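Please read these numbers as outputs of a predicted model, since none were measured by experiment.
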Amino acid sequence: QVQLVESGGGLVQAGGSLRLSCAASGRTFINYAMSWFRQAPGKERDFVATIYWAGGSTYYADSVKGRFTISRDNAKNTVYLQMNSLKPEDTAVYYCAARSSVGSVSSRALYDYWGRGTQVTVSS
């Protein structure tokens, strides 16, 4: 059974940092793209960042470029999202997702697996 389990969320002041983790299990993800999405109350779930497990190419939403870094640890089957210079508008539930198909990294419909999310709250 495939599982994506997020952790590392919490409450932080504006300007602070958090590191989210996504532990993946249940299959081999070498041919997958691993992504982070986020959903604020009353809003759609938006793309944040992607990393390709093979090769390590990364892509970011414009809103987080220069502040967030996505990375992976092959040995631990874990993907990370380092978030620096956090802003109140970064407040959301952050989800980990995995997909094997090609196409736009920001298209939610292409993703095969989703985690349950972890809450990030940034106070002003």
Side-chain angles (χ1 to χ4, degrees):
Q1 181 181 359
V2 173
Q3 281 193 312
L4 302 177
V5 180
E6 303 97 335
S7 61
L11 173 64
V12 64
Q13 288 189 334
S17 299
L18 281 175
R19 188 178 79 155
L20 305 183
S21 300
C22 171
S25 62
R27 67 162 301 128
T28 300
F29 288 93
I30 190 64
N31 294 317
Y32 278 66
M34 305 296 294
S35 299
W36 288 95
F37 285 75
R38 66 185 182 186
Q39 188 167 18
K43 296 189 176 181
E44 292 190 349
R45 192 171 298 187
D46 291 332
F47 168 75
V48 175
T50 285
I51 187 166
Y52 285 88
W53 212 285
S57 297
T58 58
Y59 301 89
Y60 296 91
D62 289 342
S63 59
V64 306
K65 278 181 184 176
R67 299 189 298 124
F68 290 11
T69 302
I70 189 170
S71 63
R72 74 202 191 294
D73 184 326
N74 291 347
K76 295 182 178 180
N77 236 27
T78 299
V79 175
Y80 303 98
L81 185 68
Q82 178 67 44
M83 307 186 294
N84 299 329
S85 302
L86 283 162
K87 306 175 182 179
E89 50 264 44
D90 294 318
T91 295
V93 177
Y94 283 71
Y95 297 90
C96 179
R99 66 177 178 91
S100 59
S101 56
V102 298
S104 171
V105 295
S106 62
S107 176
R108 296 190 303 271
L110 293 179
Y111 284 82
D112 304 302
Y113 306 108
W114 291 86
R116 293 189 175 184
T118 185
Q119 175 71 46
V120 171
T121 303
V122 184
S123 63
S124 57

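Judged by a 6.0 Å distance limit and a 45° cone about the ring axis, R19 is positioned over the six-membered ring of Y80. Within the cation-pi definition used here (under 6.0 Å to the ring centroid, within 45° of the axis), R45 qualifies as a partner of Y95.
Between the side chain of D73 and the main chain of T78, no donor-acceptor pair closer than 3.5 Å is present. With hydrogens and angles disregarded, no donor-acceptor distance shorter than 3.5 Å links the side chain of Q13 to the backbone of S123. Using a distance-only test at 3.5 Å, with no hydrogens or angles considered, no donor-acceptor pair links the side chain of Q39 to the main chain of A92. Within the 3.5 Å criterion, the main-chain N or O of S85 finds a donor-acceptor partner in the side chain of R67.
The only option from V122, T121, L86 that meets the side-chain contact (heavy atoms from CB on, under 4.5 Å) definition with L18 turns out to be L86.
Pairing each heavy atom of S35 with each of F47, the nearest pair is OG-CE1, 4.2 Å. Summarising the geometry of S21 relative to W36, their closest heavy-atom pair is O-CH2, 3.6 Å, with the distance given to 0.1 Å.
Under 4.0 Å is where a charged nitrogen must lie from a carboxylate oxygen, and between D90 and K87 no such pair does.
Taking the six-membered ring for Trp and thresholds of 30 and 60 degrees, Y111 and W114 have ring planes inclined between 30 and 60 degrees apart. Ring planes of Y94 and F68: tilted class, angle from 30 to 60°.
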